[in-house]
Amino acid sequence: MSDVADSIPQLASYDDASLDHNFASLTAQVRTEAQALTGAEAREAFHLRWLGRKQGRLKLISDAWLKTAPPDARKALGMRFNQLKQQIEAALVDAATASAAPRTSAGIDITLPGTVRAPGIEHPLLKTMHEIVRVFHHLGYSTALGPQVESDFYNFEALNFPPNHPARDTQDTLRIACQDGRPQADRLLMRTHTSPVQIRSMIAEAPPLRIVVPGKVHRNDAADATHSPVFHQVEGLCVDTNITFSDLKGTLDHAMKALFGSGVKTRFFPSFFPFTEPSADVQISCIFCAGNGCRKCKHSGWIELLGCGMVDPAVFISVDAQRIAQGRPPAYDPAKITGFAFGMGVERIAMVLHGVSDIGLFYSGDMRFLEQFA
Ligand code: DAH
């Protein structure tokens, strides 16, 4: 305690420069001492030495300097003592924090294992949907979207499903309540397929038209290993002059090879859809057994994947009737305009692509399933 640092410094003058000089050297002293502190005892001693109520240096120096201070210098002195006190207290807090976590930097313990945050991934269904859409974007198609709550007109009538036609039975429909007072065409329902967007797009735009329509669809189906009441489709439509069935075959053959690998073969089987004539079901050679026959393809060597066909002239006629009703020029004269359409289930394609045998896995939110697509 006989150290020079312990003696009460003399204050030669009360002008600002001299005050600043003296307080700067006190601050420096505090800092040097605080940096050398190790352990709780040393901190306690430092606390007493500087802040002790009766014998603390701050108290002694302030008493000594205030005693001889002219009244107009008291304020300047007081402010500086307060500042010095705060610096001493802050130095103590720093020393305590440093000793509580000696390996921390700015309060973060860099030795703890980090928090692993799994980056989100695209859901396998959305991923598959985007992959399908991308194939057609590369062929010059653009994306069109439509509403999930649709009218009977767009979902059925304009697509050549007349009222009470048995083809409606293949798409068990969820209807919106309290629509009985409306004309049948205006009654609302949950769309059972993405095909109504074909109609909406043709009414809005004249050919040439090339669109893909990804989206959710709804059917009153009981859920089982291959059915879900809500599922996803990608629709396609290409309309221009001189579009032929060969264009349809070439386009879908290319799309299937792009999705499943260049080794797959496609074949077209006669089928029926009210809005296409002729209609076809498209099959690809089984990707699990290369067409040799296995359980997945029910030993046929082929897997059925989608429906397609040439747009039925009745569809063009109903589109033009709507265009005229809305004040647009007719643009779909079936004598000049032809086109093809196709529609595929996203779940079905994702199941084949990834060998998934239960559609419910896509909706269960089970991380063990989903993580496999990361
Ligand atoms: N809309 C049909 C369905 O959901 C699928 C379909 C078949 C779409 C043939 C088409 C098509 O555009 O040409 O069952």
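Quick note: residue numbers are just sequence positions, from 1. Every heavy atom of this structure was used, including side-chain atoms; hydrogens, water molecules and symmetry mates were not.
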Task: Aromatic ring pairing W65/F81, orientation class (parallel under 30°, perpendicular over 60°, tilted between) - done: tilted
Open item on the list: Let me check something: do F288 and M351 share a hydrophobic cluster, defined by ILVMFWY side-chain heavy atoms less than 4.5 Å apart, either directly or through other members?
Closed with: yes
Open item on the list: If we count only N and O atoms by modelled type, under 3.5 Å, do the side chains of E235 and H193 hold a donor and an acceptor together?
Closed with: no
Open item on the list: Can you confirm whether K257 is buried at NZ, in the sense that more than 12 heavy atoms of other residues, nucleotides or ligands lie under 6.0 Å from that atom?
Closed with: yes
Open item on the list: Check whether Y14 reaches the backbone of A69 with its side chain - one donor and one acceptor, N or O, closer than 3.5 Å.
Closed with: yes
Task: H254 side, atom NE2; L139 side, atom CG - distance, nearest 0.5 Å - done: 4.5 Å
TODO: Using atom types as modelled and distance alone, determine if a side-chain donor or acceptor of R323 lies under 3.5 Å from a backbone N or O of M202.
DONE: yes
Open item on the list: Between R134 and E131, is there a side-chain heavy-atom distance shorter than 4.5 Å?
Closed with: yes
Open item on the list: Minimum heavy-atom separation for A64 and I8, please, with both atom names.
Closed with: CB-CG2, 3.8 Å
Task: Remaining members of the apolar cluster that contains M190, side-chain heavy atoms under 4.5 Å - done: V149, L174, I176, L188
Open item on the list: Quick check on the hydrophobic clustering: are L48 and W50 connected, directly or via other members, by side-chain heavy-atom contacts under 4.5 Å?
Closed with: no
Task: Validation row: V346, P214 side chains within 4.5 angstrom (heavy atoms) - done: no
TODO: Kindly state each residue pair satisfying salt bridge (Lys or Arg N to Asp or Glu O under 4.0 Å) with at least one member in residues 142-156, sequence neighbours excluded.
DONE: E150-R200, D152-R168, D152-R175
Task: For L306 against G343, the heavy-atom pair lying closest together - done: CB-O, 3.3 Å
Open item on the list: Can you tell me how the ring of F369 sits relative to the ring of F362, calling it parallel under 30°, perpendicular over 60° and tilted otherwise?
Closed with: perpendicular
TODO: Answer yes or no: is there a donor N or O on one side and an acceptor on the other, between the side chain of D247 and the main chain of T244, under 3.5 Å?
DONE: yes
Open item on the list: Are more than 12 heavy atoms, taken from residues, nucleotides or ligands other than D169, located less than 6.0 Å from that residue's CG atom?
Closed with: yes
- [ ] Measure the OG-CZ distance between S318 and F153 for me, rounded to the nearest 0.5 Å.
- [x] 5.0 Å
Open item on the list: Can a donor-acceptor pair be found, under 3.5 Å and without considering hydrogens, that links the side chain of D186 to the backbone of P183?
Closed with: no
Task: Polar contact flag, side-chain donor to acceptor under 3.5 angstrom, D15-S13 - done: yes
TODO: Quick one: pull up CD1 in I243 and CG in L237 and give me the separation to the nearest 0.5 Å.
DONE: 10.0 Å
TODO: Please determine, by modelled atom types, if Y332 and Q322 share a side-chain donor-acceptor pair under 3.5 angstrom.
DONE: no
TODO: Please answer whether the main-chain N or O of L305 pairs with a side-chain N or O of R348 as donor and acceptor at a distance below 3.5 Å.
DONE: no
- [ ] Please check if atom CD in Q326 has more than 12 non-hydrogen atoms from other residues, nucleotides or ligands closer than 6.0 Å.
- [x] yes
- [ ] Please determine if R43 and D94 form a salt bridge, counting it only when a charged side-chain N lies under 4.0 Å from a carboxylate O.
- [x] no
Task: Within 6.0 angstrom of N82 CG, more than 12 heavy atoms from elsewhere - done: yes
Open item on the list: Give me the atom names and distance for the closest heavy-atom approach of R74 to L66.
Closed with: NH2-O, 3.6 Å
Open item on the list: Are more than 12 heavy atoms, taken from residues, nucleotides or ligands other than R31, located less than 6.0 Å from that residue's CZ atom?
Closed with: no
- [ ] Search all heavy atoms of D16 against all heavy atoms of A76 and return the closest pair with its distance.
- [x] OD1-CB, 4.4 Å
Open item on the list: What's the separation between atom CZ in F231 and atom NZ in K216, rounded to the nearest 0.5 Å?
Closed with: 12.5 Å
Open item on the list: Looking at K85, I'd like to know if its NZ atom is crowded, meaning that more than 12 non-hydrogen atoms belonging to other residues, nucleotides or ligands lie closer than 6.0 Å.
Closed with: no
Task: Straight-line distance of E89 CD to L84 CG, nearest 0.5 Å - done: 10.0 Å
Open item on the list: Using a strict threshold of under 4.0 Å (side-chain N to carboxylate O), is an ion pair present between D63 and K67?
Closed with: no
Task: Shared hydrophobic cluster for F342 and F245 (ILVMFWY, side-chain gaps under 4.5 Å) - done: yes
Open item on the list: Could you check whether any side-chain N or O of S279 sits under 3.5 Å from a backbone N or O of F273, counting only pairs where one atom can act as donor and the other as acceptor?
Closed with: yes
TODO: Applying ring pair (Phe, Tyr, Trp, His ring centres under 6.0 Å), name anything that partners H354, two or more places apart in sequence or on another chain.
DONE: F373
Task: Short side-chain to backbone donor-acceptor contact, N160 and P274, under 3.5 Å - done: yes
Task: L159 side chain reached by P196 side chain, heavy atoms, under 4.5 Å - done: yes
Task: Any donor-acceptor N/O pair, S285 side chain to K265 backbone, under 3.5 Å - done: yes
- [ ] Consider only side-chain heavy atoms of I, L, V, M, F, W and Y, link residues closer than 4.5 Å, and tell whether L126 and V356 are in one cluster.
- [x] yes
Open item on the list: Under a 3.5 Å cutoff, is there a donor and acceptor pairing between the side chains of T194 and H232?
Closed with: no
Task: Under 3.5 Å: donor-acceptor pair, side chain of D320, backbone of A331 - done: yes
- [ ] For I287 and I303, work out which heavy atoms get closest and say how close.
- [x] N-CD1, 4.4 Å
Open item on the list: If hydrophobic clusters are built from ILVMFWY residues whose side chains come within less than 4.5 Å, do L145 and I199 share one?
Closed with: no
Open item on the list: Checking side-chain polar atoms at under 3.5 Å, does N155 have a donor or acceptor matched by the opposite partner on T192?
Closed with: yes
TODO: Measure the NE2-CE distance between H123 and M129 for me, rounded to the nearest 0.5 Å.
DONE: 11.5 Å
Task: Minimum heavy-atom distance V319-I203, with the two atoms named - done: CG1-N, 4.0 Å
